[in-house]
Protein chains: 2
Amino acid sequence: MADTAIQIGELSRRTGCNIETIRYYERIGLMPAPPRRGRYRSYGAGDVGRLGFVRRARELGFTLDEVRALLGLAAGGEASCAEVRVLASAHLGDVRARIADLKRMERVLADSVRACDAGQDPGCPLIDALYAEPRLPPTGC
Amino acid sequence: MADTAIQIGELSRRTGCNIETIRYYERIGLMPAPPRRGRYRSYGAGDVGRLGFVRRARELGFTLDEVRALLGLAAGGEASCAEVRVLASAHLGDVRARIADLKRMERVLADSVRACDAGQDPGCPLIDALYAEPRLPPTGC
DNA sequence: GATACGATCTGTAGCGACTACAGACTCAAG
DNA sequence: CTTGAGTCTGTAGTCGCTACAGATCGTATC
């Protein structure tokens, strides 16, 4: 309601989003090009909301394309909740897959570090593990 | 041993590493520039081993700089096992931090999708969550 | 010999999501 | 009038590849 026109620095402070990133979002069309006061970009409350939305979606790991889609659906009202659900649960699948990947890495790394600490191997356990063939045993033709 | 000279395609097949990626590793100095038979790169058993090492290290999430360091240490014998341990446990810390990040995302996403399925909200729970301020309550000056 | 095919060659540009400059300008305070 | 902070545009860098275009090579077949 009030004339809450702010500059890019203030928008950055309020959203925690880097100034360069804000301009980048404008360049790629994720944020609208705001009106100018002189040469300076002039933002309003709506921009603070939108950018906050983007930032929080990014924190949940959505790609910028997904964020773009979410922004579109957010404008669409209740009807789009089902579509949001589809997007979110697909992304949830991605996140879970990445967690599974990382846990596999974690296990191998933790094992190697533990073997290192035990210090019974002749060589370095991690280096040896990295040099070992994953499938073929060392013997055989 | 035998004259196991192979071309880049065969190296790619044996290591599961893309041809373009092999050339990229050469360009950035991660793999040595091999001798040529005519104009074609000619690799030996050592290259298969080294590239396999790189690939497995990458699968454990090490950055290329870390892989470079590991390769250096691998050549250094037993003395460097302690340094390998330092590298590996630092990286393990990174991996665990990333897992923690992703788990936080997972929780929020799963909650939102569940709230979506419950379908009691007037709006879309995920969209609402993304628009909500994380710290400030909606009331107050 | 011609010719077709597959593999390889070099060099460059693209991806995603920023980040980091350089060098110019605007605006308010001292 | 000068200084300093803020902002502007435009471009290039990051990481780890990946994807071309267009040339060349070696071998097999007709």
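Sequence lines set the chain letters: A, B, ... in the order given, protein chains first and strands last, and positions in each chain run from 1. These numbers come from the heavy atoms of this one structure, side chains and all, not from hydrogens, waters or symmetry mates.
Residue B:I28 is grouped with residue B:I22 when hydrophobic side chains (ILVMFWY) are merged at heavy-atom distances under 4.5 angstrom, including chains of intermediate members. Hydrophobic clustering (side-chain heavy atoms under 4.5 Å, transitive across Ile, Leu, Val, Met, Phe, Trp, Tyr) keeps B:L11 apart from B:Y40.
Partners of A:R96 according to the salt bridge (Lys or Arg N to Asp or Glu O under 4.0 Å) rule, which considers only residues two or more places apart in sequence or in another chain, are B:E106. Every residue two or more places apart in sequence or in another chain that forms a salt bridge (Lys or Arg N to Asp or Glu O under 4.0 Å) with A:E59 is listed here: A:R55. With sequence neighbours excluded, no residue forms a side-chain hydrogen bond (donor to acceptor under 3.5 Å, both in side chains) with B:R107. Listed by chain and residue number, nothing satisfies the side-chain hydrogen bond (donor to acceptor under 3.5 Å, both in side chains) test with B:Q7 (two or more places apart in sequence, or in another chain). For B:R58, the salt bridge (Lys or Arg N to Asp or Glu O under 4.0 Å) test picks out no residue, with sequence neighbours left out. For A:E20, the salt bridge (Lys or Arg N to Asp or Glu O under 4.0 Å) criterion is met by A:R23, not counting sequence neighbours.
Within the structure, side-chain hydrogen bond (donor to acceptor under 3.5 Å, both in side chains) contacts touching residues 24-34 of chain A (residues at least two apart or in different chains) are A:E26-A:R41. Applying the salt bridge (charged side-chain N to carboxylate O under 4.0 Å, His left out) test to residues at least two apart or on different chains, the pairs with a partner in residues 108-119 of chain B are A:R85-B:D117, B:D111-B:R114.
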Under a 4.0 Å heavy-atom criterion, the protein footprint on nucleotides 7-14 of chain C, written with B, S and -, is BSSB----

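Between B:R50 and B:D47, none of the side-chain N atoms (NZ, or NE/NH1/NH2) sits under 4.0 Å from a carboxylate O, so this pair counts as no salt bridge. Under a 4.0 Å N-O distance rule, the pair A:D101/A:R98 does not qualify as a salt bridge.
A heavy atom lying under 4.0 Å from DNA chain D marks the following residues of residues 60-71 of chain B, by number: B:T63, B:L64. The stretch residues 86-96 of chain B has no heavy atom under 4.0 Å from DNA chain D, so no residue of it qualifies as close.
Distance B:R55 CZ to D:dC17 C1': 14 Å, rounded to the nearest Å. Distance, B:M31 CE to D:dC17 P: 13 Å, rounded to whole Å. To the nearest angstrom, C1' of D:dG26 lies 13 Å from CZ of B:R37. Atoms CD1 (A:I22) and C1' (D:dC8) sit 14 Å apart, rounded to a whole Å. Put simply, CD1 on B:I28 is 8 Å from P on D:dC17, counting in whole angstrom units. Summarising the geometry, the separation between CD1 on A:I6 and P on D:dT7 is reported as 10 Å, rounded to the nearest angstrom.
Using five terminal pairs a side, the axes of the helix from C:dG1-D:dC30 to C:dG30-D:dC1 at its two ends make an angle of 30°, given in steps of 10 degrees.
The phosphate of D:dG16 (OP1 or OP2) has no side-chain N or O of B:T21 nearer than 4.0 angstrom. Remark: B:N18 is in phosphate contact with D:dT18, judged by side-chain N or O atoms under 4.0 Å from OP1 or OP2.
Residues A:Y43 and A:L51 form no side-chain contact, since every pair of their non-hydrogen atoms from C-beta on lies 4.5 Å or further apart. Looking at heavy atoms from C-beta onward, B:P125 lies in side-chain contact with A:C81 at the 4.5 angstrom threshold.
Nearest-nucleotide mapping onto DNA chain C: of A:G38 and A:Y24, the residue sitting toward the 5' end is A:Y24.
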